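Single-structure report; data block below.
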2 protein chains.
Amino acid sequence: MTAPPFRDVRGRGFSRRSTLDAAWAWIDGRVAAPSARPLPLAECCGLVLAEAVAALGDWPAADRAATDGYAVAAADTLGAGSYNPVPLTGAVAVVAGDPLPPGCDAVIPYESAQAAGPFVEAVDAVAPGGGVERRGAWMAAGSPLLPAGRRLRPADLGLLAAAGHRILPVLPAPRVRLLLAGGPKAGAPEQLGDMLAALVRRDGGVVEAVAALPADMDALAETFAQPGADLILSAGRTGTGPDDAAPPALAKAGSLDLHGIAMRPGGSAGLGSAAGVPALLLPGEPMAALAAYELLAGRAVRRAAGLPAALPHATIQAVTARKLVSEIGCLDLHRVRLDDDGKVEPVASPGWPGLAAAARADGFVLIGADSEGVPDGAPVTMYDFTMYDFTMYRFA
Amino acid sequence: MTAPPFRDVRGRGFSRRSTLDAAWAWIDGRVAAPSARPLPLAECCGLVLAEAVAALGDWPAADRAATDGYAVAAADTLGAGSYNPVPLTGAVAVVAGDPLPPGCDAVIPYESAQAAGPFVEAVDAVAPGGGVERRGAWMAAGSPLLPAGRRLRPADLGLLAAAGHRILPVLPAPRVRLLLAGGPKAGAPEQLGDMLAALVRRDGGVVEAVAALPADMDALAETFAQPGADLILSAGRTGTGPDDAAPPALAKAGSLDLHGIAMRPGGSAGLGSAAGVPALLLPGEPMAALAAYELLAGRAVRRAAGLPAALPHATIQAVTARKLVSEIGCLDLHRVRLDDDGKVEPVASPGWPGLAAAARADGFVLIGADSEGVPDGAPVTMYDFTMYDFTMYRFA
């Protein structure tokens, strides 16, 4: 907190902020989906199929009983009826799903049989194939099952296992490194690790490492440049002050391509790369970090996982209960709740979020950079904090 | 597959099946939420808060700079103006979020200061508290943050961490044991482990163990009765045939309370308890197992996690493109997809599901036991396979 050279501090301000569209274009251009890799089925829930998958074999794999009863040679039941019971010396008791025993080509239900001492008698005839599920009846070998690009759901795992798959060609989850600033600064971003880790997992990434973000610029540049991650997210030290080491450290480790985004909160975010790995700098204040994660970093994680880039939240169309103000030239993220009439009301303003208020939010509304805000009673789209599209979000 | 005594086989059929409502009442009566336990924040995403949580301290914890600039004693700027610059010998450069240095009670932005050789001069006066965020301005100690029963979302972790919480009183995830039948039977339920594990995690449980379901009834009864799980799910051997060991084994290990549910597919499911632990028997055929999981086991897992019992899928109101047939006295689960016109069409029938067809489903429609089905063009509710309510579903 000693006085810095005056001009240096002013020169690092955000007089020219990038638009959110420019930041998205940067993410879409720089963050690529991973290369396909074969992985065991058990590790594939929530991952994206790299190739279309077809049935490996017939299902069922052999003719089998479709019902509980007795497997027979149909010819042995010829002429059987309630007035002409026919002894079944070759009958075998089966339950639905049992493979047909050798020499049998039909299954008669218990209702079509009766006990006769130690033997069983048919009291109804059956045609060949009666009571039988034929090999391949449900699914023939080679049948297309799931297309490339499918995000694997729990039920898909059952289907693919039944179809004989044990290893799948998938896009592996990207390894995301979290660097968290510590110390007495506003947001105490070191406390954000659990939130950011949960969000990264939600978006299809795995946390490769959680490390401290050094206050020293040279040490931070080395940390940025260490190999092992597919994507780097930092939290804290993104502003324009003298101890905001993240932007210059990223510039030293590779490139700082954008710094200062026309969005509130979270406008001090930065984007660049370190030793060829895309890196996003998030603010340290918790609500600003969350906004910058949702609008910037989440998109990068989803892109790196091979998922659609768009926001995955379910949307609700509603009208405002109060006006939502916005700054021209800046996209504003308003945390909102649905009131008792189903109308959208802000729980806080972007400029003064209020942590306690944020907990009451049901979702958020985005007011574009070209708008001064929306009046009371205007239609808006609410992004729901509680409802997510599983085609994008995983249960890992 | 040797011939069993005739009457025994018939006596174990489903002549009297329980209604789905009776099965739900059993689950709601027998499966209880876990006792609260303190857990580290990092383990709490997706768990349910057992008690209301309030802020432990003020936020911010001390007066701090609200803007980048110079921390000053406001009195030192008295009378400053662009024509009357006032030297600031005690000024300290700060960035937004820095604690106020001792002796300072205001922050002037860079715009209100100018360089004068090695010194800084104020060119505008500031009142005490100007440019300062007061201790507790965002959140005072004791402010209510989140209510009891809240399922913790990623953003909540950031809020609670910022509010000083490191350990939370939560309902721990229930330990679920999976027992999977093997062998040549229809569904090869041993292949269902990955699907069922993903569904258990989705519903807030953790898989305690995955074990084989012994074909021998006595061995299976012992397996059921082993301690360590809060809930037991088995797959396979639930029917009425001679080698369907799961129902009698559960009866031996504790009690078989319901066996045979009026639903399709999945109607051979059973419910009971083993050594006091609730146990659900799911069929081994993959699509029947999935239906029985969604309609029975998922409810039990959610109850055991302290979550709402209801189906968590987002619902879509649509009309049918074709009729959906149903059996009177039996709830039918129809796998459906939305066609190009947004209408609901079946991808298969409950009686003949077809694995390949199931992969094309966007969700399912339930046709109640009191209905013979719905005609073409009728309004129905589709439960969406891809959109889930996070208030119930976790990103673990």
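Below, chains carry the letters A, B, ... as their sequence lines are ordered, and counting in each starts from 1. Computed from a predicted model, the values in this text were never measured in an experiment.
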*What is the distance from atom CZ of Arg202(A) to atom SG of Cys45(B), rounded to the nearest 0.5 Å?*
9.5 Å
*Could you grab the distance from atom CG of Asp244(A) to atom CG of Asp68(B), nearest 0.5 Å is fine?*
7.0 Å
*Ala65(B) versus chain A, heavy atoms under 4.5 Å apart: side chain, backbone, both or neither?*
neither
*Could you tell me which of Ala54(B), Ala140(B), Ala161(B), Pro60(B) has the largest number of non-hydrogen atom pairs under 4.5 Å with chain A?*
Ala161(B)
*Search all heavy atoms of Ala198(B) against all heavy atoms of Leu157(A) and return the closest pair with its distance.*
CB-CD1, 4.3 Å
*Residue list, side chain to side chain donor-acceptor pair (under 3.5 Å) with Asp63(A), at least two apart or on another chain*: Arg134(A)
*Atom CG in Leu159(A), atom CE in Met287(B): separation rounded to 0.5 Å?*
5.5 Å
*Please look at Leu146(B) and chain A and tell me whether the side chain, the backbone, both or neither of the residue comes under 4.5 angstrom of a heavy atom of that chain.*
side chain
_side chain to side chain contact (heavy atoms under 4.5 Å, CB included) partners of Ala155(A), counting only residues at least two apart_ = Leu290(B)
_Distance check, rounded to the nearest 0.5 Å: Leu152(A) atom CG versus Met195(B) atom CE?_
13.5 Å
*Separation of Arg166(A) CZ from Asp194(B) CG (nearest 0.5 Å)*: 9.0 Å
